Structure formats: structure tokens, C-alpha cells
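Take a look at the structure set out below.
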Amino acid sequence: MGYHADIEGTRHGFPSLKALLAKASPERTGDALAGLAADGPLERIAAQRALADVALTDFLDDVLEVEGDAVTALIHAQHDAAAFAPVRSMTVGAFRDWLLDPATTGAQLSALAPGLTPEMVAAVSKIMRAQDLIAVAAKVEVVTRFRSTIGLRGRLSTRNQPNHPTDDSRGIALSALDGLLMGAGDAVIGVNPATDSLPDYIRICAVLDAIRSQLEVPTQSCCLGHVTTALAAMEAGAPVDLVFQSVAGSEKANAGFGVTLGILDEAADAVASLGRAPKGANLMYFETGQGAALSADAHHGMDQQTMEARAYAVARRYRPLLVNTVVGFIGPEYLADGKQITRAGLEDHFCGKLLGLPMGVDVCYTNHSWADQEDMDILLTALAAAGVNFVITVPGADDIMLNYQSLSFHDAGFIRRTLGRPPAPEFADWMARHGIGEPGVELPSLADALGRLRLPAA
Amino acid sequence: MSGKTPTTPEAIRAVTEARLTLGPRGGALATRESLAFALDHARARAAVLAELDLPALTATLDRLGLPHRVATSAAGDREGFIRRPDLGRRLPETEAAALAGAGPCDVALVLGDGLSATAVALNGAAFVAALAGRLEAAGLTVSPVILARQARVALGDGIARALGAGTVVMALGERPGLSAADSLGAYITHAPAAATPDSARNCISNIRAGGTPVPEAAEQAARLILAMRASGLSGVALSRALAAGALAGPTEPHGPR
């Protein structure tokens, strides 16, 4: 079925809903690389006007148009017609107006989440400005729990990311301690391992568990290795709090990550059976990012932002504790500069929240992008206004293993002081007990703090 | 415990290069650290945006007695190159035709800007000279050094095909990190085709003063090339065969033969 819009006597036609979504996307390099982007500002606006008139029910069809795709099947299976009823008769444009209506509450949006599909939320995001994405996301509260309670309104949590280029136990511990002494890590203390070997994975879990348990920190730990490594580590009795996996929006893209829904189901069952968490706790952690599907040649002609929203269908199947887009990590061929990264971060957060996910963002960039730390300041501030559940923090904003820049522990402190965003309540109590962040309290040096830890043998 | 506890800032820095808080824990990042970070980022940006310094490179290659040619990918300029990796992998037909007279040869030697012309300026010429010497001693013919502008790794495949070379070495600047903006990476591919998958390449990365030194990198590259030409394999398949001992170890380039 085709779509069209007329601007000043010129008819702009779009052969499919998938093509219309791509042409309506705000400018980004990845869509140009894929040959899907609008030919210029006028065609883009024509597409946005046509998109605003599309009925939400059109999105209940197969938008990806790929026979047998497991993520499409999941999206259809997840759709809750009763939850969808309040917006069923709306167009995309009317849906935007309703979302922004002050009378529409966060409770209504939470109840609506199971009735929305990824393509619907991606579509409406394309005709929303930054302030719209912030205003609507700020209404939605998505709360998850393990040892800390994450996502409560008015709070901002952090992942403490103590990566080290050789996974050295003391190197990891030093960075983790630096973060804890700065009040970072209430969402998770999570390490991206340098290798994907099972012994390394198990040792990293043991190091992080030693830090958490000896310091009695009310948080969770995670080694962000491959899900199959996590399965083997759990089998071997490693202290696994959370199972991590990168996910994407098509079956083929997930195959590129070496995962299927079946493997994720198995891992979710395995981590639940460990019994490390209180009953009802959330036990999974996912990362996503625009451009992942295209880079695996698995985007099937769909724009990168809509593909990203489809990844959230995979994530929400598992009631995760944490989900974050690694927004600027992918590089300038997908998101060229600070403007494109900022826009993508706000879109991903908005779409995740509308679909009911506990959405966080890795506010980040690489050195070949036209971006710098000042762009990250602006995105962090905008995301805090939007009520982001958590952000990633590393020592001095410099990840020495993954070779990119994220936020620093100091940046989290800036937003706490400037906008008044305390961490999770359990973690805030722990900080208060130890005088962390209190003026006049002398904290141990890093060397002293490391000296008091009993780390597992290498 | 995995070793002695570091007690001084120097001992801590020996364990990790992370930008830890070693001084007082205040609010904002101190001025000195903030500006140090900005300098590291500026250095990385300068490396990404720099063009190959052709006059300096050709003068160095002349001094080393290595003939050279220039080729440019389909990405016209630096900005286009960074935004469109597909263009940086493609050799325009006019460029291919201009190279045709420089072959055929066993091994094509290519120096590309990649994402850090700084890395090429520091170590590029020394690396290709060291490698060319080892390959010629092993009885192989090498191409003139192709100085490739706006080059991604796969541009080497088109260059090798234009030259009629069986094996290609593409040495180019790696994406700069905050701590090192001068890493050279060497990607080696046997029997390059129009759509060679990355899994068919072998790579020696982090070639720089603080990483893999040039002579060691050239030695590794020469061994890999000889093993490829003996086995017909490259990339993951070659690594597997070497690890499994399925191949007799790569011949010493300077060994008796």
C-alpha cells in the first residue's frame, strides 16, 4: 500500500510504510549510508506530513515485510488489543497530540505500553521535537528492583563501568572503588570483559561480588560477556547477579550477535533459578543502539531508529532490570555528530519508556565523530529532565578498554547537585552511612580502599 | 589477592591508566585534569582529520629507495570519507587503470591514512620498508608503495587486483583512542576478491612506539604472508590451521631456503 503527501503542487509518494518511516526520519548518516534517507528537507517534511495521517492500526500489519522474522512474530504475539483500545482510532499525528496533552497521565501511558508496537512509537517519535520527547518520557515512571530500586521519579541511577584493557582484577577494583567513593554504581557495577573466555568471566564476577558483598553495597554486579558464556558460568557456580546481552531488531541481526530468543529464554530461566535475588526481582540487562542492524546487514530496508525500537520488543519479553542504548558508540557513519547523537539518545529513551522499559542511556561518542564532552553535558541534562533511569559512568569519562568517551563519575555528581537527582534510596542510605558525598567527611584513599579488600586470586 | 597492593599514585598508574581520582574528592573535575582531557581529545581529533603528508612520505620513501604511487578512494574528501565508509573501500576505475602498469607482483604494499594519518606519518614508511626487505629476502616481488588517500581496509583489495598481486598488506591508521592517537594497523589478505569478508584477513594492530614495535610487526607480517602463500589460507582459517598445528610453522624469512 502506498502513501503520499502534496507540498506546493508536488506529489511526494512513498511505496510502503517502511519506506515512509525511513523518509520521515530526522537526518542521520546511517540512513543515508543505507540509501533510505529523504532526498532533502522538503521530502522529509512531506514524509512527516504523510506519516502524521497514517492510522495507528496500519502498524499492526507486518511493517518489516520479512517472511518468518522471529522479532516480528514476537511483536505480534506481544500486542495487547485491550490495552491498545484507548488509542486504536487515532492517527500518528493525533497520537502525538494526545501524548502531549497535559490531561494524559503517566498511569495512562504505563497501562498503554502493552498495546503499543515498536513501529508505532518510532513513528510518533519522528514527528516530535526534542522537547516533546522529553515532556512525554518524563511522565512515564518505570521502576525495577533487585538490591536497589531503580527508576523512581526524581532519582537518577548510574552504572559504574570499571573496564580494564586486560581485565586485571586490581585495575577493575580500583576503578570500581573510585566510582563507589563518588557515589556511582547504584544501578549496577558492570564490566565489559576484554575477552570472552569463561575463566575471565567467572573471575570478573567473583571480583565484583567481593567488592559488593564486602562493602555491603546495595547494588548488583554484572560481567557483560556473551549470554552463552553467562550460561556456562552459572553452570560452574559463578556469582551471577544479572545476565547481559546485546540485542537488535531483527532475527538476522540477533543472529549476528549469536543469540536467539530460545537462548535468551534459557538464560532468563537459569539466572532466576540461582535464587540470589528477592522474589519478583528483575534479572536481565540489555544493551542496544541505532545502527546495529545495518552494520550486520540485517536492517531489511528499515531505518535505523525504527529497527532500534524493535530491539525493545526483545528486551521487554524478559522484564529486565536495566536496558540502555549505547547511543554514540557506533560511530559517525551512523550518527555523525553531537546533534545526531543527542536526537538519537532522546528518541531511544522516549521509545523505550513508552514500550514500558527501564530505559537508561550510555551518553557517549567516539573520537572520529564530530562530538565532544560538551555535547555529552547537554544530552545528560536533557535526559535527566526526561527522567532517564540511569546513565553509564567511567573514571574521567575515558573508557580505557573500549576506547570511547562516556560520562565521568563527576558528571553524575554535576547532575545530582544541579537538578537534584539522588540515586536509588537504598544506595543513598548506604552513602549516608559511609559519609560519601558529605562535606567534611574524609574518605579513604583508593590505595587504602583497595588494601582492605580481599580479592579472589587471579 | 592478585599481587601487592599499590600504595603510591605511580604504583596505581602501573596497574591501570584509568583517570582515577588520586587527589582530593571535590565536586567538578580540577582545571588541570579537565584541560589534560581536552588536549588528549584534540590530539585524537587532529589525527582523524589529518590528510596524508604526501611530500614528507614520498621524500622518506625516496631516501629508503622504495618506489611509490598515489591512489585515492571514491570518498573525495576527509568528511565524505568519515561519513561514508563504503566510498572509502572503493577504488574508482580511473585510479585502478593508473595503477595497472605498476604490477604484476606477489605482494601489494599499501599505506593508507585510515582514521589516523598521524600513525602513518610516524611509523608507516619504516614499517613498509622493514616488511619489503623481509619479503624480498624470501624471494617475493613487492609492488611500489601505494600511498592511499581516504582509505578503508578493503580499498587494498581493489588496489591488489589492479596491480595483479596475490597478497595485499594494507597498513593504515587505527581509530585514535584518548591515550594513543598513533596506532598503525596492518591488515593482510590473500587472494583478495571483490567482496572479501573481514574474517578472511589477518591483522597486526597497535603498531607504535608504546605498542608493537615496527621490526616485530614487520616480522609477524612477513611470517603470515609466507604462511598464507604456502597454504592458500588467510584470516580465521589461517589462524585456526596455525593453532591446530595443521601447517608447518611459517618459514623464517631469513632462514635457509
Side-chain angles (χ1 to χ4, degrees), chain A residues 29 32-33 162-166 168-175 177-179 181-182 203 207 331-333 336 366-370 372-373 394-405 408-411 413-414 417 436-437 442-443 445-448 450-458, chain B residues 1-9 11-30 33-34 36-38 40-49 78-88 114-116 152 173-181 183 206:
Chain A
T29 35
L33 180 65
N163 293 344
H164 187 277
T166 60
D168 180 272
S169 295
R170 291 180 308 159
I172 289 170
L174 281 165
S175 287
L177 290 168
D178 191 27
L181 289 167
M182 301 274 281
R203 179 176 53 83
V207 167
E333 56 268 46
T366 60
N367 282 325
H368 59 324
S369 302
W370 284 267
D372 60 24
Q373 223 57 36
V394 302
D398 176 10
D399 189 306
I400 58 171
M401 198 284 280
L402 293 172
N403 268 322
Y404 77 121
Q405 282 92 256
S408 65
F409 304 136
H410 295 79
D411 294 332
F414 146 73
R417 288 188 300 274
I436 294 171
E442 188 156 342
L443 295 171
S445 71
L446 276 179
D448 288 347
L450 183 67
R452 288 177 209 170
L453 275 182
R454 296 177 308 282
L455 290 178
Chain B
M1 247 345 270
S2 52
K4 219 174 83 195
T5 300
T7 50
T8 62
I12 286 176
R13 284 195 194 96
V15 175
T16 177
E17 291 183 324
R19 291 171 199 252
L20 301 170
T21 315
L22 297 177
R25 269 169 213 287
L29 204 61
E33 288 169 53
S34 175
F37 181 101
D40 289 341
H41 185 241
R43 207 179 273 131
R45 291 297 295 156
V48 167
L49 297 174
R78 211 61 201 141
E79 176 149 352
F81 165 77
I82 291 165
R83 287 173 187 258
R84 290 288 302 272
D86 54 329
L87 298 181
L115 286 166
S116 171
R152 301 265 172 184
E174 294 176 346
R175 191 183 90 197
L178 223 49
S179 53
S183 282
N206 200 24

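In what follows, every chain begins at residue 1, and chains take the letters A, B, ... in the order their sequences are listed. Worth saying up front: this structure is predicted, and the values here are computed from it rather than measured.
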Contact class of Val48(B) relative to chain A, heavy atoms under 4.5 angstrom
side chain
Among Thr7(B), Thr8(B), Leu22(B), Leu29(B), who wins on heavy-atom pairs under 4.5 Å with chain A?
Leu29(B)
Show, in sequence, the C-alpha distance, side-chain angles and deciding distance for Ser175(A) and Asp178(A), and conclude whether the side-chain hydrogen bond (donor to acceptor under 3.5 Å, both in side chains) test is met.
CA-CA 5 Å; Ser175(A) 287; Asp178(A) 191 27; over 6 Å; no
Ranked by heavy-atom pairs below 4.5 Å to chain A, first place among Pro6(B), Ala44(B), Ala180(B) goes to Pro6(B)
Tell me if a side-chain donor or acceptor on Ser116(B) pairs with a main-chain N or O of Ala181(B) at a distance below 3.5 Å.
yes
What part of Leu115(B) gets within 4.5 angstrom of chain A, counting heavy atoms only: side chain, backbone, both, or neither?
side chain
So for Glu79(B), is it side chain, backbone, both, or neither that comes closer than 4.5 Å to the heavy atoms of chain A?
both
Under a 4.5 Å heavy-atom cut-off, does chain B meet the side chain of Asp372(A), its backbone, both or neither?
both
Which bit of Thr29(A) comes within less than 4.5 Å of chain B, counting heavy atoms only: side chain, backbone, both or neither?
side chain
Report which part of Glu442(A) has an atom under 4.5 Å of a heavy atom belonging to chain B: side chain, backbone, both, or neither.
neither
Under a 4.5 Å cutoff for heavy-atom pairs, which residue among Arg45(B), Glu33(B), Arg84(B), Glu17(B) has the most contacts with chain A?
Arg45(B)
Would you please test Leu446(A) and Thr21(B) for side chain to side chain contact (heavy atoms under 4.5 Å, CB included) and show each step?
CA-CA 8 Å; Leu446(A) 276 179; Thr21(B) 315; 5.5 Å; no
Between Arg152(B) and Phe81(B), is NZ or CZ placed under 6.0 angstrom from the six-membered ring centre and within 45° of the ring axis?
yes
Testing the basics here: between Thr5(B) and Ala447(A), what is the closest heavy-atom pair and its distance to 0.1 Å?
CG2-O, 3.7 Å
Is there a side chain to side chain contact (heavy atoms under 4.5 Å, CB included) between Leu453(A) and Leu177(A) once you walk through the steps?
CA-CA 10 Å; Leu453(A) 275 182; Leu177(A) 290 168; 3.9 Å; yes
The interface call for Leu181(A) against chain B, heavy-atom contacts under 4.5 Å, is both
Could you go through Asp168(A) and Thr16(B), starting from their C-alpha distance and side-chain angles, then the distance that decides it, and tell me whether this counts as side chain to side chain contact (heavy atoms under 4.5 Å, CB included)?
CA-CA 8 Å; Asp168(A) 180 272; Thr16(B) 177; over 6 Å; no
Heavy-atom closest pair (Ser169(A) atom, Leu455(A) atom, distance to 0.1 Å) is O-CD1, 4.1 Å
Under 4.5 Å from any heavy atom of chain A - which part of Arg83(B)
both
Please look at His164(A) and chain B and tell me whether the side chain, the backbone, both or neither of the residue comes under 4.5 angstrom of a heavy atom of that chain.
side chain
Quick check for you: to the nearest 0.5 Å, what is the distance between Asn367(A) atom CG and Tyr404(A) atom OH?
12.5 Å
Between Ser369(A) and chain B, with a heavy-atom cut-off of 4.5 Å, which part of the residue counts as in contact: side chain, backbone, both or neither?
backbone
